[in-house]
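Encoded as structure tokens, the structure appears first; notes follow it.
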Amino acid sequence: MSLQVAKESVGTLELAAAWEHALDELRRQSAAAFAQWFASVQLDALEQGQVMLAARDEFVRDWVRDHFQFELVEAMRSELGEPVSIVWRIAPDLAEPIHQAPIADGSDRYDPRRPRRLKIGERPSERPVERASSIPPASSSTPHLARSTTRDHLNPKYTFRNFVVGPSNELANAAAVASAGGGGPRYNPLFICGGTGLGKTHLMHSIAHQVLDSRPNACVLYVSAERFTNQFIEALQHHKMEEFRHRYRTECDLLLVDDIQFLAGREQTQEEFFHTFNALHEADKPIVVSSDKYPQDLQRMPERLISRFTSGLVADIQTPALETRVAIVRKKAQLEGIPLADDVAVLLAQTVKSNVRELEGTLIRLAAKSSLLGRSIDLEFARGEIAIVSPRRPDVRTVDEILRAVCGHFRVTNSDLLSKDRHKSVAFARQVAMYLCRQRLKCSFPELGRAFGNRDHTTVMSAVRRVEELRSRDPQVNAHLEAIETRLSGDD
Ligand code: ADP
Ligand code: MG
């Protein structure tokens with residue numbers, strides 16, 4: 001009977017963690033009884049608020065139900081904040097009992113493939129309990145922890161060479177180089193934090209590559225916190241905690257844990273990670289952690305872990321400025337073999353500001369389309385494509401925001417824009433504002449007419465068309481628009 005745990009489901013993982021927690025509690029309170037009775041009980045599956053258990057016979061089921069079930073269910077309910085039910089079945093042969101039966105003495109040796117059947121009426125305290133660790137694996141069919149020491153889990157392109165350094169990431173980069181033994185003071189741990197798509201994973205892979213380049217036999221473990229959690233749960237379920245701990249605490253020379261925010265609220269994994277951290281730290285093995293938040297802002301993370309995270313160096317990565325974005329686009333184009341003119345690189349960098357992943361995505365889409373259509377990526381083509389694919393900026397939500405940016409740029413007032421003033425400079429600013437509202441907010445022409453001092457929708461339509469047309473042929477008009485767009489996105 002194989003264990004089914006839907007690993008994608010956070011609910012199931014939490015259930016698994018709560019289950020192990022509850023078991024640990026019982027184990028602590030009554031080790032001997034636990035060892036005896038849970039050698040005849042197997043966990044079949046955890047799903048949707050249910051724990052599926054198998055008992056070797058009715059007697060075991062009833063005894064466990066009467067003596068342990070209430071505590072188990074209560075402990076899980078208080079941890080999860082939700083009721084949990086236990087569903088039993090009877091199965092005379094258990095492949096993976098929860099507790100591996102102890103070795104009582106030489107004559108009563110435990111056979112891992114056939115867990116010892118509990119004698120009816122036998123009192124749990126009559127048998128001494130030994131550490132389960134002295135027992136061989138329960139079944140040769142249980143999966144071994146997947147090794148992740150090799151470069152299999154590393155993106156070959158995520159190297160220091162391919163990482164563009166600018167003011168937004170230079171501290172994180174320098175600290176990462178130092179962690180990889182490339183000189184400079186090495187901080188342990190190194191905590192890299194920053195928003196999504198800004199290069200945290202890229203830097204972590206770079207460290208791993210660098211260390212493996214200089215010490216090919218080093219045991220470098222790169223894992224996402226999610227993978228760490230899954231491996232931990234799997235190890236618990238398959239009684240492979242010793243192997244797990246040996247790997248993470250003893251063998252490991254460098255541990256990189258990506259997206260640590262995933263551990264939020266996962267108390268048992270946090271606890272395991274805490275001990276892993278301490279073991280490595282004491283042995284002076286480098287630990288690098290990444291997160292989408294500063295340590296202090298991590299939710300549902302115990303104080304002792306947060307204080308460990310801040311005990312080395314916290315290096316943040318900010319959104320790169322225009323110059324860095326241009327350099328990144330050029331670098332990506334060069335790596336991907338995409339011919340890219342300078343003005344197009346600048347246009348891309350000006351348009352996509354929020355994160356590097358999006359910038360890269362826009363470049364790749366552009367290259368794909370140009371090769372499909374057999375067109376070169378010139379400015380006109382790029383502009384057209386960007387207008388089609390770039391989503392409306394989430395940071396611009398209202399007509400007012402656009403009016404403010406237009407007024408600021410042309411030095412006119414809000415009431416000028418909404419008035420009937422036909423003076424050339426005011427009229428042009430108004431048309432630009434209409435164009436931007438249409439493009440960014442996808443307002444209908446009648447809506448825009450109402451927003452702009454109750455004008456007729458045909459007036460708005462011709463204004464939008466005029467600006468569109470001017471933009472494509474008049475560089476000065478385009479420069480005005482780009483400057484306003486920059487204002488709207490709030491940086492540079
Ligand atoms: P995060 O882990 O912070 O969400 P990633 O490391 O996955 O972000 O980066 C997203 C993409 O952006 C990757 O393809 C990465 O190579 C690229 N990237 C981010 N920052 C840089 C940079 N400074 N130089 C080159 N590429 C970068
Ligand atoms: Mg990442």
Side-chain angles (χ1 to χ4, degrees), residues 148 151-180 182 189-210 220-230 255-264 287-295 297-298 309 313-338 340 345-346 348-368 390 491-492:
S148 54
R151 295 194 202 241
D152 296 351
H153 295 277
L154 302 177
N155 184 328
K157 290 186 178 161
Y158 288 0
T159 59
F160 284 124
R161 263 176 81 106
N162 293 344
F163 193 76
V164 175
V165 182
S168 59
N169 58 26
E170 61 188 344
L171 174 65
N173 179 73
V177 169
S179 283
L190 168 60
F191 190 96
I192 302 175
C193 55
T196 178
L198 294 182
K200 300 182 296 295
T201 299
H202 188 136
L203 274 182
M204 296 192 102
H205 286 208
S206 304
I207 297 172
H209 281 302
Q210 177 83 33
V220 174
L221 296 178
Y222 165 82
V223 276
S224 63
E226 181 172 8
R227 203 173 136 78
F228 182 86
T229 305
N230 289 342
L255 178 64
L256 303 127
V257 183
D258 211 347
D259 292 317
I260 199 77
Q261 70 277 0
F262 181 84
L263 291 195
I287 304 160
V288 184
V289 173
S290 88
S291 157
D292 66 353
K293 295 183 188 67
Y294 285 96
D297 298 335
L298 284 167
F309 292 154
L313 176 71
V314 176
D316 63 355
I317 306 186
Q318 300 289 339
T319 314
L322 180 67
E323 295 76 7
T324 313
R325 296 201 299 274
V326 173
I328 292 173
V329 180
R330 288 204 181 118
K331 182 98 196 173
K332 294 285 167 193
Q334 176 212 330
L335 285 173
E336 302 295 332
I338 302 167
L340 193 70
V346 172
L348 282 175
Q350 277 174 335
T351 318
V352 188
K353 301 168 179 180
S354 53
N355 90 46
V356 180
R357 187 176 295 126
E358 224 180 275
L359 185 59
E360 206 176 276
T362 310
L363 169 71
I364 303 296
R365 271 197 304 274
L366 206 59
S390 64
D491 66 67
D492 294 325

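Bear in mind that the values here come from a model prediction, so they are computed numbers and not experimental data. All values below come from the heavy atoms of this structure, side chains included, with hydrogens, waters and symmetry mates left out. Numbering of ligands and ligand atoms starts at 1, following listing order.
Taking CG of Leu359 as the reference point, atom CD1 of Ile364 lies at 10.0 Å (rounded to 0.5 Å). Considering CD of Gln261 and CG of Asp292, their distance stands at 3.5 Å, rounded to 0.5 Å. Going from atom CD1 of Ile260 over to atom OG of Ser291 covers 8.0 Å, rounded to the nearest 0.5 Å. Atom CD1 in Ile328 sits 9.0 Å away from atom CZ in Arg325 (nearest 0.5 Å). A distance of 6.5 Å separates CG in Asn230 from CZ in Phe262, rounded to the nearest 0.5 Å. How far CG of Leu263 is from CG of Leu298: 9.0 Å, rounded to the nearest 0.5 Å.
Of all protein N, O or S atoms, those under 2.8 Å from the Mg ion (ligand 2) number 1.
Partners of Tyr158 by ring-ring contact (aromatic ring centres under 6.0 Å, His included), not counting sequence neighbours, listed by chain and number: His202, His205. A search for side-chain contact (heavy atoms from CB on, under 4.5 Å) contacts involving Asn173 returns Phe160, Phe163, Val165, Val177, Leu203, not counting sequence neighbours.
Contact shell of ligand 1 (protein heavy atoms, cutoff 4.0 Å): Tyr158, Asn162, Phe163, Val164, Asn169, Gly195, Thr196, Gly197, Leu198, Gly199, Lys200, Thr201, His202, Ile328, Lys332, Val356, Arg357, Glu360.
Residues Ser224 and Asp259 have side chains that never bring a donor and an acceptor to within less than 3.5 angstrom of each other.
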